[in-house]
Amino acid sequence: MPSTAVDVEDLLVRVKNGDDAELAGVARKVAALAEEGRLGEEDDDDGLLVPALLARLAAAGSAEARVSVMAALRRLAGCVGGESKERLASIEALSSIVRSLSRDADERGEAIAVLLDLSDIPQVRQRIGRIKGCIVMLVTLRNAHESGTNDDAEKLLHILSSNPQNVLLMAEAGYFRPLIHYLKEGSDMNKVLMATAISKMFLSEHMKSSLGEDGVIEPLVQTFKYGNLEAKHSALGAIRNLSSSLQNAELLINSGITGPLLQLLFSVTSALMTLREPASAILAAIAQSERILLYKDVAPQMLSLLNLSSPVIQLHLLRALISISGHKNAKRARSKIRQNGGVQLLLPFLTEKNVEIKIAALDLMFHLSKDSSQELAEQFRETHLDILVKIISSSTSRDEKAAAVGILSNLPETDKKITEILTRANLLPILISLFEANITASVTPQRMRLLEGIAGVFIRFTVTWDKKLQSLAVGCGVVPCLIKLLTEGSVDAKSKAATSLAQLSQSTMALRKSKSPRWLCVPPSAESYCIVHSCQCTVKGTFCLVKAGAVKPLLRILEGEEHEADVAVLEALATLMQDEIWENGSRAIEKASGIHALLRVAEAGDLSSQDKAIWMLERIFRLESHRERYGEIAQALLIDLAQKGDPSLKPMIGKILAHLELLQTQSSYF
């Protein structure tokens, strides 16, 4: 039976004039007719139905109407041609459809379906990317967890990726797979285009990591190695933008790029000169990865390039060397740099006018001084030391001051000649002024490093074998600085401050005076009498730890979560437990609530701190009052430690258990 003719005029009137509900109904009818093949090009001679539906799509107020219209347009796309097809492919039509990508799930799904069906038209593939926000929305939908929608979005993106400009837009939206495909398999021109885009793109750390994980590094490295000059330049720009990610730095090192980068820096070919700066910047970035230490000749080669390079490249090379020498396991690398004349090469930079280069050279020198202080000291002349002191006293850069102080803090305290030079240069008052200016400043890495350096230099001026130098330091006001460091400094600064206090306290016994000297008519002040040293004590006169108010701050460090300073703190407190004063010292530590802190270290500290804490506890538990008050708390911990702890601790633990009457004195623990 022949089908009845379709009244296109009636459909047009209802599409144009109906409200949203009627529009939805007539659109569904149009879709059904098109599906049945009853609404082809010959049925709509004037080609008015498609433009009418497009006009209503742009103006429709309800989601149902828009979904129905797009479904009708999708069906019509398969059975119309000519002008109607061209209208469907127009920017205006596509823009109306794209707007639905940002609406509810049904509407989004229908919009993607329409675009997919239309994407076999070449003009559509070209135009979709030009519609503002379209690619971004498609990438967002691809990443969404909507069944069907994300798959269709990915299919459409794949189709659109035939246009390189669309691929660039996808990359800007964070979808990099098509771009990486072009880098791997595209033409040389497209490889340059994609690499150049990466070099200019703002990339978050997450985006850099994603690109690395998706495989962008290898094709870029290959392009750099084997491409023409333009390709090399674009690849280096892209690699530079990606290399600040530590994850990518490791991938780059694994790719074998280090050697070619260094070869480029050694090259004298004029055409390659413009590539040297990005190459040196990449070396500086990838040197942040500890994997660079696997390449043992990298640092010496960079060092040999220092004086042959422009200031910009010098700075990159210095920063690379700083990263290499600053790694945790870089002792061999630092040694190799020193063996290749690194220190001598760096000394002229002390007077460098370019501040950034000067600071970088100082930083590198600081790292090189960490584990070879005597070797470094032998290369320093008085003029070099004077320059460092001048930097500390007059530089406006906190970084520069911190690096200079750090170098001085690493020079051996046993070198008396250096101490004499620094004393003549008035370093101590300069440092104390610098300390006072920074101790209350906001907490920054530069401040922390500066205070650590100052604390390190204070150790030089408080050495036990030079009481005259100790008196000079105490007279200048070093003790209040040390006490502040115990509460305000980093754990490293606290450790160094405790070491200085220990050195000063070791001299107290030799400096103490009798409580009541026979030649005094008026008895001395009870306020100055020290209950530990049993004499008239003052900070300036006897360097007394108790009178300095150091006991409680030292114990608070033992109670904290960081344990790197424990050994130095215990060494300082142990000076109050020397043979002549151990009873008084024990009482002072107990009065400051220190026994719990010592037990905590004995339980959880490293072997060195456990050993010192147990030595102190043995003396403390000689006193009956301490056994009565703390014995019950201590015994379970000590028995457990005797059974499970290091064997070297057993003899001293056995003595404590004997004091607590838990062991016979002839026990095998001794």
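Along the sequence shown, residues are numbered consecutively beginning with 1.
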Worksheet item: Is a side-chain donor or acceptor of Thr269 paired with a backbone partner of Ala271 at a separation under 3.5 angstrom?
Response: no
Practice prompt. Please check if the side chain of Asn166 supplies one atom and the backbone of Leu160 the other of a donor-acceptor pair under 3.5 Å.
Written response: yes
Worksheet entry | Closest non-hydrogen atom pair between Leu264 and Ala279, with its separation | CD2-CB, 3.7 Å
Discussion item. Can you tell whether the side chains of Glu205 and Lys208 come within less than 4.0 Å, N to carboxylate O?
Written reply: yes
Worksheet item: Any ion pair linking Lys328 and Glu290 (charged N to carboxylate O, less than 4.0 Å)?
Response: no
Worksheet entry | Ala281 to Arg240 - nearest heavy-atom pair and separation | CB-NE, 3.3 Å
Practice prompt. Return yes if some donor-acceptor pair links the side-chain N/O of Asn248 with the main-chain N/O of Leu242 below 3.5 Å, else return no.
Written response: yes
Worksheet, complete the sentence: To the nearest 0.5 Å, atom CG of Leu251 lies from atom CG of Leu211 at 11.5 Å
Worksheet item: Thinking salt bridges, do Asp10 and Lys29 make one under a 4.0 Å N-O criterion?
Response: no
Worksheet item: Does a donor on one side chain and an acceptor on the other come within less than 3.5 Å for His367 and Lys370?
Response: yes
Item to complete: With rounding to the nearest 0.5 Å, note down the distance linking OG1 in Thr149 to CD in Glu154.
Response: 13.0 Å
Discussion item. Check this for me: does any side-chain nitrogen of one of Arg28 and Glu64 sit under 4.0 Å from a carboxylate oxygen of the other?
Written reply: yes
Worksheet item: Has Arg398 got more than 12 heavy atoms of other residues, nucleotides or ligands less than 6.0 Å from its CZ?
Response: yes
Worksheet item: Would you find a donor on one side and an acceptor on the other, under 3.5 Å apart, between the side chain of Lys232 and the backbone of Lys225?
Response: yes
Worksheet item: Between Asn354 and Glu356, is there a donor-acceptor pair closer than 3.5 Å when you use the side chain of the first and the backbone of the second?
Response: yes
Fill in: Salt-bridge present (Asp152, Arg108; N to O < 4.0 Å)
no
Worksheet item: In this structure, are over 12 heavy atoms from other groups packed under 6.0 Å from Met273 atom CE?
Response: yes
Fill in: From His327 atom NE2 to Ile292 atom CD1, the distance as rounded to the nearest 0.5 Å
7.5 Å
Discussion item. Do the side chains of Lys336 and Asp297 get close enough for a salt bridge, i.e. N-O under 4.0 angstrom?
Written reply: yes
Worksheet entry | Atom of Arg142, atom of Asn150 and distance for their closest heavy-atom approach | O-CB, 3.4 Å
Discussion item. Could you check whether atom CD of Glu564 has more than 12 heavy atoms from other residues, nucleotides or ligands sitting under 6.0 Å from it?
Written reply: yes
Worksheet item: Got a donor-acceptor contact below 3.5 angstrom from the Asn438 side chain to the Ala441 backbone?
Response: no
Worksheet entry | Ser335 (side chain) donor-acceptor with Lys331 (main chain) under 3.5 angstrom | no
Worksheet item: If you take all heavy atoms of Ala285 and Ser244, which pair is closest and at what distance?
Response: CB-N, 4.3 Å
Worksheet entry | Arg103 CZ: over 12 foreign heavy atoms closer than 6.0 Å | yes
Worksheet item: Between Leu115 and Val98, is any pair of side-chain heavy atoms under 4.5 Å apart?
Response: yes
Fill in: N/O donor-acceptor pair under 3.5 Å between Ser210 side chain and His206 backbone
yes
Discussion item. Is a donor from one side chain sitting under 3.5 angstrom from an acceptor on the other, for Asn163 and Arg125?
Written reply: no
Worksheet item: Is Glu107 reaching over with its side chain to a backbone N or O of Val67, donor-acceptor style, under 3.5 angstrom?
Response: no
Item to complete: Identify whether the distance between the nearest side-chain nitrogen and carboxylate oxygen of Arg66 and Asp20 falls below 4.0 Å.
Response: no
Discussion item. Tell me whether Tyr295 contacts the main-chain N or O of Ile253 through its side chain, where contact means a donor paired with an acceptor under 3.5 Å.
Written reply: yes
Worksheet, complete the sentence: Closest heavy-atom pair, Leu156 versus Ser119, reported as atoms and distance to 0.1 Å, is CD1-CB, 4.0 Å
Worksheet item: Quick one: do the Ser96 and Arg99 side chains pair a donor with an acceptor below 3.5 Å?
Response: yes
